[in-house]
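Values reported hereafter were calculated over all heavy atoms of this structure, with side chains retained and with hydrogens, waters and symmetry mates removed. Quick note on labels: first sequence line is chain A, next is B, and so on, each numbered from 1. This structure is a prediction, so every number in the text was calculated from the model and none was measured.
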Amino acid sequence: MWRMLTSYGVPLLGIALVTWISSAMLAQWGLASAALLFLLPVLLGAARGGLGPGLLAALAGAGAYNFFLLPPYFSFHVHGPDHAVSVLVLVLVALVTSRLATRLREREEEANARAAISEELAQISRLLAKGSPVEALERARSYVAGIYGPVRIDGAQDGFSSLDQAAFAWAMHNGDATGHGTGVMAAAEWTFLPLSPKGRGAHALMALARPADGHTRPMVQIEHMAQVALLLGQGCDRIALDEERRARETLAESDRLRRTFLASLAHDFRTPLTVITGQLEALAKRSPEAGEALSAARRLERTMSDLIAAARIEEGSLSPQAESLDLIDAADAAFGAVAVPAGLSLGHAIPADLPFVRADAVLLHHVLINLIDNALGHAASRVMLGAALQGGQVALWVEDDGPGVPLAERTRIFERFARIEGGDRAKGSGLGLAIVRGFAEAMGMQVSIEDSPLGGARFILRMAA
Amino acid sequence: MNRVLVVDDEPAILRLLGAVLARGGYEAATAATASAALAALRGGGLSAAILDLGLPDRDGLELIPMLRGAGVPVIVLSAREDVAEKVAALDLGASDYITKPFDGEELLARLRVALRQSGAAAAQEVLAHGPFRIDTARHEASIEGRALTLPPKEFALLQALVEAGGRILTHAALLEKVWGRAHVGDVEYLRVAIRALRLKVEEDPAHPRLIRNEPGIGYRLMEA
C-alpha cells in the first residue's frame, strides 16, 4: 500500500514542484524550457512505478502546464496545436519509459531468481560434499525441506494415500516426475521426482509434499526440484560408492591377513622341520631307524606343503605368471624333486623339438611333482612322462603300469581326500590330485584321466602351446 | 680354516648349520639379527655368509649388497616359497639360494661353488667349468677337448654360464648379459638359445645333464 502511495504520490509532488518553479522562472526561461522540465516527474513516475504512475504524471503534468503556464492562465482552454503536441509527448514518454523500466525490472527479477536457484543448488552440493556421505545427505535433505516443505528420500511409502502410491510406482517405472504439480496424477498430495537422470531408470525417488498453503506448485518450481532431486541422487550414489569401497577394503584386508597367515604358517612349520630333517640326516648315516624317521619327516613336510597349497587354491589367492617354458626343463626339475622308491623307475619321452608352452613355472612344477608322486604310489614298476602336440595344444602326461583308475572314479579322484577303495598304496595327504586340478585350472589347463598303454592310468594336462 | 657367517633368528637352525658346516670343515660364526650380522662383517675374516631372509630387525635382502660389497659371497636360506624373493636375492648379488628344509650335502656343495667363485680371478682369458673350456680372447669354446661351433648368442650364453661356474644365473641376468637390458623379459629368446646349445653340448638333449633349469628362477651349469 505504501509502495503504491509513493509510486503515485512522488511523481505528483514532482509535478507540483516543477509547476511552482517553472511558473516562477517563466519570464527568464521561456515556455519551451518549462515544458521540458515537466518530462522529469513523468520519467521518474514511469521508471519507478511503471505505466500507471507514469501516465498519471503525464496527464497531471499536461494539465498543470496548460492551467498554470499556457495563456490564458488558470484555464484548461487549449488554443494551439503546440499544446496538443506537448501533451502527446508527455504521454508517449510515460508509455515508453514505463515499458523500458518494466522490462528491465523483470529481467533483474529473473536474474535474481536464477541466482537464488543456483545458490541453492550450490549450497546443496556443498552440503553433500562435507563429512560422511550419510550425514551429508541428511543435511542436504533437511536444507531442501527447510525451503520447500516436507521432503523424503528414504524410499518408504508409509503415510501415502493409494493415489500417492500409484504415483510413486509410476515415477519409479517411468523415471519421470509424477504427482502434484506435474501432468500425471496431479491430484496426489506428493510430487515424486527420480534421483537419477532420465534414461537410467529410477532406482529411487524424492517425494515432495504439496505446499502447506494448499497452492499448486508452479511448473518452474517442479523443474527446479527435479534438479534438486538429481543432486540428492548424487549424494545417494556417493553413499553407495563409499559402502562399496569399504567392502572392498575389508575384503582386501582379510585377504592380506589370510595370506600373511599362510606365509607364517609355512614358515612356522618349516623351521622345526628343517631342524628335524637336518639332525636326522646326520644320524641316518649310522642308524637305519633315523633313516626311517628322516623319510617320515620328509613326508610330513610334503603334507604340510600340500595343505598350504590347498588353502591357497581354496581362497583363490593364486596368481599364475605365465612364461615361456620348455617341458624338458619342467620334467627335469620335477625329477630332481621326487624320491623314487626302490624297485620303481621314472623316465620321460618328451620330444626335444616340442613347442614351448606358456605356464607358471612354479605351479607347473608342483603339478608335475604331485602327478609323479601319485603315479609312483600306484605303479608296479615304472612311471613315464610323455608329451605331444595335439590339435594346436600341447598334451603332457604322466602314466604308470599300476592298477589304473576305474571309469567311475575319474572325476571323484580329483576331490580333496579322495582315495580309491581297496588296494591303496598311496601314503599322500589325499590332497595331491586336488592340488593338481586347482593349480592346473588356475593356469587355464585341463586335466583328465585315460587308460595308459602301460596298463595303468594316464593323467593328461592340456595346455596352450 | 674358512669362516662362514650364519645369519638366522632361530637358535636351533643356527646350531644345525653349525654342525653341517663343521662336517664340511668350516668354522661357523653365528648372528641372530641383521645388526649382529653387520657387526660380524665389520669384524672381518669372513669367507662366505649363509643368510636367512626373515630377520627380526631388517629385511635380509638389504644385507646382500653390503655383504657382497665386502667381497663376501652370500647363500640365501629361505623358508618362503616365494620365487620372486629368491630371484630378487640373486639379482641383488646373492651367489645362490637354498630352501628350507635343506639337504646338508647340497648346502655344502653350493658353498664350495660360491667360495671357488669368489677366489677365482675376475678376468681370465681361459675359463673352464666341468667339461667346458672357453678362450675368451680367441672366441673359442670346447667340450671335452672337442671344439664347438657356436653362433654369437649361444657363445655368449655358454660363456656367461661357464663364468658363473655352477652358480645359478637368473633368467633376467642371462637375458641382460646376452641380449641386453631391453630384453630381460624375453624368456622365450633364452629358451630357444638354451635348446640350440643343448643340441650341441648334451649327449641326449631330451635329458639334459649339463645345463639345468630351476623353475621360475634360472639356469646353472653342472660339472658333469
Original post:
OG1/A:Thr274 to CG/B:Asp8 distance, rounded to the nearest 0.5 angstrom?
Top reply: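 Interatomic distance, A:Thr274 OG1 to B:Asp8 CG, rounded to 0.5 Å: 9.0 Å.
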For the student: nearest non-hydrogen atoms of [X] and [Y], plus distance:
{"X": "B:His207", "Y": "A:His348", "value": "NE2-O, 3.0 Å"}
{"X": "B:Arg191", "Y": "A:Leu325", "value": "NH2-CD2, 3.4 Å"}
{"X": "A:Ile328", "Y": "B:Ala206", "value": "CG2-O, 3.5 Å"}
{"X": "A:Glu281", "Y": "B:Glu105", "value": "OE1-N, 4.1 Å"}

Original post:
Are any of the side-chain nitrogens in B:Arg195 or A:Asp329 under 4.0 Å away from the carboxylate oxygens of its partner?
Top reply: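 Result for this pair is no, no salt bridge flagged.
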Original post:
With a 4.5 Å limit on heavy-atom distance, are the side chains of B:Val192 and A:Phe356 in contact?
Top reply: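 Touching, per the 4.5 Å side-chain cut-off.
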Original post:
Do B:Ile13 and A:Val275 come close enough that some side-chain heavy atom pair is under 4.5 Å?
Top reply: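 Yes. Closest side-chain heavy atoms under 4.5 Å.
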Taking distance alone, no hydrogens or angles, what donor-acceptor pairs closer than 3.5 Å link side-chain atoms of residues 454-462 of chain A to residues at least two apart or in another chain?
residue  : atom : partner  : partner atom : Å
A:Arg458 : NE   : A:Glu399 : OE1          : 2.8
A:Arg458 : NH2  : A:Glu399 : OE1          : 3.1
A:Arg458 : NH2  : A:Glu399 : OE2          : 3.3
A:Arg462 : NH1  : A:Gln390 : OE1          : 2.7

Original post:
Checking B:Asp186 against chain A: side chain, backbone, both or neither under 4.5 Å from a heavy atom?
Top reply: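 Neither part.
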Original post:
Where do B:Glu188 and A:Glu323 land on the side chain to side chain contact (heavy atoms under 4.5 Å, CB included) test, with the steps shown first?
Top reply: CA-CA 8 Å; B:Glu188 176 120 16; A:Glu323 60 168 302; over 6 Å; no
Subject >> Interface moiety of A:Ala330 toward chain B, non-hydrogen atoms closer than 4.5 Å >> reply: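 Interface part for A:Ala330: neither.
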Original post:
Passes salt bridge (charged side-chain N to carboxylate O under 4.0 Å, His left out), A:Arg270 versus B:Glu10? Steps please.
Top reply: CA-CA 11 Å; A:Arg270 218 155 270 171; B:Glu10 284 289 331; over 6 Å; no
Subject >> Verdict with reasoning, A:Glu301 to B:Lys100, per salt bridge (charged side-chain N to carboxylate O under 4.0 Å, His left out) >> reply: CA-CA 10 Å; A:Glu301 202 271 328; B:Lys100 287 180 189 171; over 6 Å; no
Original post:
Is the CZ atom of B:Arg212 crowded by more than 12 outside heavy atoms at less than 6.0 Å?
Top reply: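 Buried by this count: over 12 neighbours within 6.0 Å.
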Original post:
Is the CD atom of B:Glu203 crowded by more than 12 outside heavy atoms at less than 6.0 Å?
Top reply: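 No - once you tally the heavy atoms of other residues, nucleotides and ligands closer than 6.0 Å, there are 12 at most.
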